[in-house]
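The structure appears below as structure tokens.
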Amino acid sequence: MESLEQIKARVEVAVPGSKIDIVINPGPSQQSSLLIDIEHAPAVARFLCDDPALRLDFCSNATGVDWPDRTVKKTVKVKKVIDGVEKDVDETQEEFFPGYLEAVYHLYSMTHKHGPVVIRMRTADRADGARLPSLTAIWRSAEF
């Protein structure tokens with residue numbers, strides 16, 4: 001089976017205007033995924049299912065994840081003038097990340113006996129616009 005980078009490149013050619021990112025999974029499974037934009041999600045899903053080389057014709061798992069707001073603290077070195085001398089000082093900075101909802105799909109090819117390819121879609125936030133397109137028309141088992 002092709003690498004995620006190859007699949008991403010082929011989808012972006014086949015579905016003009018689509019925005020796809022690779023989400024690296026640092027965990028033990030190292031199972032990275034494709035984050036697809038919601039505007040082009042049905043067309044991307046159709047390509048993944050119908051492309052003769054991929055034929056990702058089975059969705060084994062569809063799940064939703066509610067990611068809450070989070071604040072990440074990190075320590076960075078900054079230059080400050082202390083008693084007339086410039087010194088490197090550790091400073092804690094906080095970065096806020098708003099929460100979002102996410103749908104995650106595990107796709108396999110029954111035809112070619114390969115997979116999984118994991119795709120995901122995200123909402124802009126957890127309140128306004130918290131809607132994702134349905135992929136049930138492509139994979140009946142995506143109805144969760």
Side-chain angles (χ1 to χ4, degrees), residues 1-81 86-144:
M1 187 171 75
E2 300 171 49
S3 70
L4 275 184
E5 290 82 7
Q6 292 169 317
I7 294 170
K8 174 186 182 295
R10 289 201 318 112
V11 170
E12 289 173 333
V13 169
V15 183
S18 61
K19 182 179 178 326
I20 300 169
D21 294 311
I22 294 177
V23 178
I24 304 298
N25 180 353
S29 72
Q30 302 267 316
Q31 190 175 48
S32 298
S33 58
L34 297 174
L35 175 61
I36 59 178
D37 69 286
I38 59 177
E39 181 182 343
H40 296 91
V44 170
R46 179 58 64 199
F47 173 81
L48 294 172
C49 184
D50 293 347
D51 179 71
L54 294 172
R55 274 303 279 151
L56 296 169
D57 50 10
F58 178 63
C59 176
S60 71
N61 185 24
T63 191
V65 184
D66 183 354
W67 294 99
D69 296 343
R70 64 188 170 100
T71 302
V72 176
K73 293 181 182 181
K74 59 183 176 181
T75 303
V76 295
K77 295 253 186 225
V78 295
K79 293 192 182 290
K80 288 195 174 187
V81 177
E86 186 176 71
K87 295 183 178 183
D88 285 335
V89 178
D90 287 340
E91 189 175 273
T92 301
Q93 295 179 346
E94 290 185 356
E95 188 173 0
F96 176 77
F97 295 94
Y100 55 89
L101 303 175
E102 186 172 63
V104 182
Y105 304 85
H106 291 76
L107 310 175
Y108 290 85
S109 173
M110 301 306 280
T111 304
H112 299 306
K113 301 189 182 350
H114 64 227
V117 171
V118 180
I119 63 171
R120 53 183 70 219
M121 296 183 291
R122 292 180 182 162
T123 62
D125 57 39
R126 295 169 70 212
D128 297 331
R131 295 186 182 276
L132 295 172
S134 174
L135 301 182
T136 306
I138 294 103
W139 300 289
R140 181 70 178 110
S141 58
E143 181 177 80
F144 60 89

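Separation of atoms CZ (Arg140) and CD1 (Ile138) is listed at 12.5 Å; rounding is to 0.5 Å. One finds the CG atom of Asn61 at 8.5 Å from the OH atom of Tyr108 (value rounded to the nearest 0.5 Å). Here the CG-CD1 distance, from Leu35 to Ile119, works out to 10.0 Å after rounding to the nearest 0.5 Å. Atoms NE2 and CG, from His114 and Leu107 in turn, are 10.0 Å apart once rounded to the nearest 0.5 Å. Here CG of Leu34 is found 4.5 Å from CG of Leu4. Values are rounded to the nearest 0.5 Å.
Under the side chain to side chain donor-acceptor pair (under 3.5 Å) criterion, Ser60 pairs with no residue, sequence neighbours left out. For Asn25, the side chain to side chain donor-acceptor pair (under 3.5 Å) test picks out Ser29, with sequence neighbours left out. Remark: Ser33 engages Arg120 in a side chain to side chain donor-acceptor pair (under 3.5 Å) (not counting sequence neighbours). Applying the side chain to side chain donor-acceptor pair (under 3.5 Å) criterion to Lys80, with sequence neighbours excluded, gives Glu91. Take Glu39 and apply the salt bridge (charged side-chain N to carboxylate O under 4.0 Å, His left out) test, not counting sequence neighbours, and it matches no residue.
Remark: side-chain polar atoms of His106 are not paired, donor with acceptor, to backbone N or O of Thr63 under 3.5 angstrom.
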Could you walk me through whether Asp37 and Ser18 pass side-chain contact (heavy atoms from CB on, under 4.5 Å), step by step? CA-CA 7 Å; Asp37 69 286; Ser18 61; 3.9 Å; yes
Mind running side-chain contact (heavy atoms from CB on, under 4.5 Å) on Lys8 and Glu12 for me, showing each step along the way? CA-CA 6 Å; Lys8 174 186 182 295; Glu12 289 173 333; 3.0 Å; yes
Would you please test Leu48 and Ile7 for side-chain contact (heavy atoms from CB on, under 4.5 Å) and show each step? CA-CA 9 Å; Leu48 294 172; Ile7 294 170; 3.9 Å; yes
Residue pair Arg55, Asp50: steps toward the side-chain contact (heavy atoms from CB on, under 4.5 Å) verdict: CA-CA 5 Å; Arg55 274 303 279 151; Asp50 293 347; 4.0 Å; yes
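Looking at Leu101 and Leu132, their side chains never come closer than 4.5 Å, going by heavy atoms from C-beta outward. At least one side-chain heavy atom of Pro68 sits under 4.5 Å from a side-chain heavy atom of Arg126. Using a 4.5 Å heavy-atom cutoff, the side chains of Lys77 and Val89 are not in contact.
Identified under the side chain to side chain donor-acceptor pair (under 3.5 Å) test for residues 67-76, with sequence neighbours left out: Trp67-Glu102.
Closest approach of Ala53 and Arg10 over heavy atoms only: CB-NH2, 3.8 Å. Nearest heavy atom pair, residue Cys49 against residue Asp57, reads SG-CA, 4.1 Å. In terms of heavy-atom proximity, Leu54 sits nearest to Phe47 at CD1-CE2, 4.2 Å. In terms of heavy atoms, Ile38 sits closest to Pro133 at O-CG, 3.5 Å. Across all non-hydrogen atoms, the minimal contact from Gln31 to Pro116 is NE2-CG, 2.8 Å. Heavy-atom minimum distance, Leu135 versus Ala45: CD2-CB, 3.9 Å.
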